[in-house]
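The structure under discussion appears below in the form of structure tokens.
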Amino acid sequence: MWKREFTSDFTALTKDGAEWIAQNTSLKLIGLDYLSVGVYNEPDATHKPLLSKGVVLVEGLNLDNVQSGFYTLNCLPAALIGSDGSPTRCIVTK
């Protein structure tokens with residue numbers, strides 16, 4: 001995501017992967033380091049099953065300077081009226 005040029009073959013979840021996660025796990029949040037959790041040509045197919053189960057999607061997450069370990073992740077979204085998404089500041093603490 002942090003490159004100057006857009007690439008449509010970024011790592012993402014397929015529809016089948018998203019449906020499996022929604023039906024078989026208790027994940028509360030999925031964070032990816034690119035523009036979308038879903039594949040380029042069908043992002044809604046990935047978003048809908050996850051969001052319908054209450055899974056929070058954090059896209060564009062940059063953890064480059066965070067060392068491996070266990071952290072608490074706090075996501076602070078901007079309060080946008082009438083929106084289904086928001087720019088979010090994410091903070092990790094040990």
Side-chain angles (χ1 to χ4, degrees):
M1 170 159 175
W2 308 105
K3 297 177 182 178
R4 290 191 180 272
E5 296 177 15
F6 174 75
T7 178
S8 62
D9 65 345
F10 54 87
T11 301
L13 288 174
T14 63
K15 176 185 176 188
D16 291 341
E19 289 173 350
W20 189 91
I21 289 169
Q23 295 169 5
N24 297 291
T25 74
S26 59
L27 286 177
K28 303 290 183 207
L29 183 141
I30 295 176
L32 263 76
D33 64 350
Y34 208 66
L35 299 175
S36 179
V37 116
V39 294
Y40 177 67
N41 59 350
E42 55 179 32
D44 288 347
T46 302
H47 285 78
K48 287 181 181 179
L50 296 170
L51 294 173
S52 71
K53 291 291 187 173
V55 178
V56 174
L57 304 177
V58 179
E59 298 165 329
L61 187 61
N62 185 351
L63 299 175
D64 286 347
N65 296 317
V66 179
Q67 295 178 350
S68 296
F70 292 94
Y71 295 87
T72 298
L73 174 67
N74 295 286
C75 297
L76 312 169
L80 301 178
I81 297 170
S83 177
D84 66 351
S86 169
T88 302
R89 171 125 1 220
C90 294
I91 300 167
V92 292
T93 55
K94 277 221 174 221

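These figures come from a predicted structure and were not determined experimentally.
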### Query
Do you know which of Leu57, Val39, Thr46 makes side-chain contact (heavy atoms from CB on, under 4.5 Å) with Leu13?
Thr46
### Message
Within the 4.5 Å heavy-atom criterion, are Glu59 and Leu32 side-chain neighbours or not?
### Response
no
### Nearest atoms (heavy-atom pairs only) where Gly38 meets Ser36
N-OG, 3.0 Å
### Task
Could you tell me which non-hydrogen atom of Glu5 sits nearest to which non-hydrogen atom of Tyr34, and how far apart they are?
O-OH, 4.3 Å
### Query
Sub-3.5 Å donor-acceptor pair from the side chain of Ser52 to the main-chain atoms of Pro49, do we have one?
yes
### Side-chain heavy atoms of Val58 within contact of Thr88, under 4.5 Å
no
### Message
I want to check something: taking the side chain as every heavy atom from C-beta on, are Cys75 and Val56 in contact at a cut-off of under 4.5 Å?
### Response
no
### Query
Among the clusters formed by ILVMFWY side chains lying less than 4.5 Å apart, do Leu63 and Tyr71 turn up in the same one?
yes
### Task
Quick one: pull up CG in Leu51 and CG in Asp84 and give me the separation to the nearest 0.5 Å.
8.0 Å
#### Entry: Close side-chain approach of Val92 and Thr72, heavy atoms under 4.5 Å
no
### Summary
d(Asp33 CG, Thr11 OG1) to nearest 0.5 Å is 7.5 Å
### Query
Rounded to the nearest 0.5 Å, how far does CD1 of Ile30 lie from CD1 of Ile21?
4.0 Å
### Query
Roughly how far apart are Ile91 CD1 and Thr93 OG1, rounded to 0.5 Å?
8.5 Å
### Task
Give a yes or no on whether the ring-centroid distance for Phe6 and Tyr40 is below 6.0 angstrom.
yes
### Summary
Residue pairs passing the side-chain hydrogen bond (donor to acceptor under 3.5 Å, both in side chains) test with at least one member in residues 15-32, sequence neighbours excluded, are none
### Query
Would a distance-only check, ignoring hydrogens and angles, find a side-chain to backbone donor-acceptor pair under 3.5 Å from Thr14 to Gly17?
yes
### Message
Quick check for you: to the nearest 0.5 Å, what is the distance between Cys90 atom SG and Leu61 atom CG?
### Response
5.5 Å
#### Entry: Closest contact, heavy atoms only, Val37 versus Ala12
O-CB, 3.4 Å
### Query
Can you tell me if Glu42 and His47 form a side-chain donor-acceptor pair at under 3.5 Å?
no
